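Take a look at the structure below.
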Amino acid sequence: MKLLFLGTGAADWAIKSEEETLPGERRRSSMLLGEHILIDIGPQSFAHAKRIGVDLTKITDIFISHTHSDHYNKAALLSFAEAAESTVTVHCHADAAAKLALDPQEEKKVHIHKLKVRDTFDLQGLTFTAFSANHYVADSKEVPLHYVISGEDKLLFYGCDGGWFTAETWEYMRKMQFDCMIFDTTVGEMDGNFRLAVHNSFPMLRLIKAALLENHMVKDNCIFIADHLAQTLHGSFAETVGALAKMGMLMAYDGFEIVI
Ligand SMILES: [Zn+2]
Ligand SMILES: [Zn+2]
């Protein structure tokens, strides 16, 4: 499985054009999985994917973890749908569908696949399962989702956004063994930040990683990736790379590519 991170920042990063964005700055959440599948699309995702030469005609499916504006942007969705060769399917929680805010004309341009928690389905040779995330979208019954993706003999966890795991997700994941896990890392080295109920911090990720190891939920060479980093809650790019290395984690950055 090939992962290309198009945006790795939390919602406090300024939304800048491609020309204005400096190396080391982060755009909002988006990841390309293989050639056909996107997970989350922020306001800059389309322009960035286009600039770095992603073949936009090949996009067939877009997974939305939740509808916070750093993970779902309607203009980006319509641009991806326009550029794609075939009709794009948007996968999201059933109660998130209305929050896509597509008018009847726009709805004709995409398929919407409404998910429930623990729905499993095959796509492009991979199997996707939606799990509940410990996260919250105000004024909505939407359940933010984490995705577990298996295929090519690998098991991948995508966990942006969400702090810890829900009890249900943890119980299901205890039967799994991951090759790669991508974590919400909104908060850095802070013990008491108020976001601890809905986002992870470095101290939380140390506990999570220890629990995953002790409960044999990861393979020996599992790759842990920190994603969704807030600008104001972390040190410099180099400091964060170093701090995460000490935790046995890689830091995602815009343009980061890895094959698992
Ligand atoms: Zn977010
Ligand atoms: Zn969020």
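Atom set for the values below is all heavy atoms of this structure, side chains included, hydrogens, waters and symmetry mates excluded. Remember, it's 1-based here, ligands and their atoms both numbered in the order they're listed. For clarity, every value in this text was computed on a predicted model and none was experimentally measured.
The Zn ion (ligand 2) has no N, O or S atom of His71 closer than 2.8 Å. The distance from the Zn ion (ligand 2) to the nearest N/O/S atom of Cys160 is not under 2.8 Å. Distance check for His135 against the Zn ion (ligand 2): an N/O/S atom falls below 2.8 Å.
Residue-level check: among N/O/S atoms of Asp161, OD2 sits closest to the Zn ion (ligand 2). Take the N/O/S atoms of His68: the one nearest the Zn ion (ligand 2) is ND1. Restricting Asp70 to its N, O or S atoms, the one at the least distance from the Zn ion (ligand 1) is OD2.
Once rounded to the nearest 0.5 Å, the distance linking CG of Leu213 with CZ of Phe224 reads 5.0 Å.
Aromatic ring centroids of His135 and His68 lie under 6.0 Å apart.
Between Phe121 and Phe63, the ring planes lie parallel to each other; the angle is under 30°, not in the 30° to 60° tilted range. Taking the six-membered ring where tryptophan is involved, the planes of His199 and His228 are essentially parallel, since the angle between them stays under 30° and well short of 60°.
Under 4.0 Å is where a charged nitrogen must lie from a carboxylate oxygen, and between Arg174 and Glu171 at least one such pair does.
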